[in-house]
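Since the structure is predicted, the reported quantities are computational estimates derived from the model, not experimental observations. All values below were derived from every heavy atom in this structure, side-chain atoms included, with hydrogens, water molecules and symmetry-related copies excluded.
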Amino acid sequence: MSDAVLAPAPNTTQPVKKLRVMSGTRTTGALHLGHYLGWLSNCLELQKKYECFFGVMDWHGMTSKYKETADINAWNRDIYAEMIAWGIDPQKNTVFVQSMIPEHIELFMIFANLTPMGWLERVPTWKDAEEEAKASDTHNLGRFMYPVLQAADIALYFGALVPVGGDQVSHLELTREIIRRFNFLYKAKLPEPKAMLSETPSFPGLDGRKMSKSYDNSILLSEDEKSLKKKVNSMLTDPARALRENPGNPEICTVYSYHKFFSADDDKKWAAEGCVTAGIGCGDCKAKLFGNLNEMLRIPREKKKELLNNPSLLDSIIAEGNEKARVVARKNIQIIKDYMKLGPKVK
Ligand code: TRP
Ligand code: SF4
């Protein structure tokens, strides 16, 4: 990866050597533990080593939530505050709201022309979801072109490394194809981005299915103490343990799969051993998990609350992030148009 080169301006010989990280999350609701494991924890690590651009992707949110635009606006702020509360540094990185940077749409339109519809028809997130899309009134052009916009997000910042969850692999494949085609057509040198998958591609929700907003089985990153306790208590356990004295199998228990991710080794051992020997009850096991999760969420939850309670501070952080992104986006869209020999030069 280290030999990848970022796009130089067409008339310069000075390529930017340092790889850039570009990623984002679509705004369709508050972030949950699945987002943390599959995405945010990766971003938190990457910001230590790379120049990072992180977007709060509200146009992507709108492809399915176009009837709830007022909510989208609230989620933008919520997610932005959440990312900062969990340790994304808005000074060190560029954190922005997608719709505030109009160049995303400009590049989206450029890419839309060089993307054959057949490429989009084959993307599993479209192909496999068509019936659901029709039923939910989201069988629309915006949703169809979702991956083209995503490609534009990445290319606009010359992103080379893209931390994403496993469900995004096909979108990244398409991004690479679009960028390859752009480079071929215009003799350009936009970097072909690589997906960086987290080690936890899929994470179980309360009911054991994948954690997802649409299944209503998630634990939010800002879950308050009371509802966190309720949710942990509602988790499915090994039915063999309906009686306290019966031993169980932690490997088929959702509570234990959470211990694996969120508890320290001694607690994991305590739970596994106590389960197979019937030394502990499921109530004890859940209480321990609740304590560990609550401790992990406690400080970010407070920080987020503080930010949301201070709207003028949050607004100024967001405005600053948007401005930083805008400066890069303006410069890069010009480079991209120069490759295409398109449009007057903006001085
Ligand atoms: N599609 C991504 C998701 O579902 C969000 C996203 C939009 C994104 N644009 C991006 C991720 C660019 C990485 C890079 O979460
Ligand atoms: Fe699950 Fe813990 Fe109960 Fe075992 S003791 S079934 S791991 S909750």
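Within a 6.0 Å radius of CG in D216, other residues, nucleotides and ligands contribute 12 heavy atoms or fewer. Other residues, nucleotides and ligands contribute only 12 or fewer heavy atoms inside 6.0 Å of the CE atom of M100. Within a 6.0 Å sphere centred on NZ of K226, other residues, nucleotides and ligands contribute 12 heavy atoms or fewer. Counting heavy atoms of neighbouring residues, nucleotides and ligands inside a 6.0 Å radius, atom NZ of K303 does not exceed 12 of them. Around CH2 of W59, the count of heavy atoms belonging to other residues, nucleotides or ligands within 6.0 Å does not exceed 12. Remark: K230 NZ is loosely packed, at most 12 non-hydrogen atoms of other residues, nucleotides or ligands lying under 6.0 Å away.
Contact check on E177 versus R180 returns no salt bridge, with no Lys/Arg side-chain nitrogen under 4.0 Å from an Asp/Glu carboxylate oxygen. A salt bridge links D265 to K268: one of the charged nitrogens lies within less than 4.0 Å of a carboxylate oxygen. Under a 4.0 Å N-O distance rule, the pair K305/E302 does not qualify as a salt bridge. Ionic pairing of K260 and E251 is present here: one or more N-O contacts between side-chain nitrogen and carboxylate oxygen are shorter than 4.0 angstrom.
Between W39 and S23, the side chains place a donor N or O and an acceptor N or O closer than 3.5 Å (distance only, hydrogens not considered). Side-chain contact check for D153 and Q98: at least one donor-acceptor pair (N or O, by modelled atom type) lies under 3.5 Å. The closest side-chain donor-acceptor pair between D207 and N217 falls under 3.5 angstrom. Donor-acceptor pairing under 3.5 Å is recorded for the side chains of N292 and S263.
In this structure, A160 and L19 approach most closely via the heavy-atom pair CB-CD2, 3.8 Å.
Taking 4.5 Å as the limit, every side-chain heavy atom of P147 sits out of range of all side-chain heavy atoms of E173. Inter-residue side-chain proximity for E320 and P90 is flagged as unmet; no heavy-atom pair is nearer than 4.5 Å. In this structure, the side chains of K288 and D284 stay at 4.5 Å or more apart for every pair of heavy atoms. Using a 4.5 Å cut-off on side-chain heavy atoms (C-beta onward), T94 and V328 make no contact. Residues I178 and W119 meet the side-chain proximity criterion, which asks for heavy atoms closer than 4.5 Å. Put simply, the side chain of N294 reaches to within 4.5 Å of the side chain of R301, judged on heavy atoms. For the pair V164/L197, a side-chain contact is recorded, criterion being any heavy-atom separation below 4.5 Å from C-beta on. Using a 4.5 Å heavy-atom threshold, the side chains of K304 and D78 count as touching.
Ring geometry, Y157 versus H104: the interplanar angle falls from 30° to 60°, so the pair is classed tilted. In this structure, Y36 and W86 have tilted ring planes: the angle between them lies in the 30° to 60° band.
K324 contributes a side-chain N or O that, together with a main-chain N or O of N93, makes up a donor-acceptor pair within less than 3.5 Å.
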Next on the checklist: I'd like to know whether D58 forms a side chain to side chain donor-acceptor pair (under 3.5 Å) with S99, so could you lay out the CA-CA distance, the side-chain angles of the two residues, the decisive distance to 0.1 Å, and finally the verdict.
Outcome noted: CA-CA 6 Å; D58 52 349; S99 67; 2.6 Å; yes
Next on the checklist: Run S136 and E132 through side chain to side chain donor-acceptor pair (under 3.5 Å) and show every step you take.
Outcome noted: CA-CA 6 Å; S136 59; E132 175 270 309; 3.1 Å; yes
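Under the 4.5 Å side-chain heavy-atom criterion for ILVMFWY residues, no single connected hydrophobic cluster contains both M109 and M117.
The OG1 atom of T69 sits 7.0 Å away from atom CE of M62, with the distance rounded to the nearest 0.5 Å.
Remark: F144 engages W126 in a ring pair (Phe, Tyr, Trp, His ring centres under 6.0 Å) (not counting sequence neighbours). Residues that satisfy the ring pair (Phe, Tyr, Trp, His ring centres under 6.0 Å) test with Y146, not counting sequence neighbours, are H60, H171.
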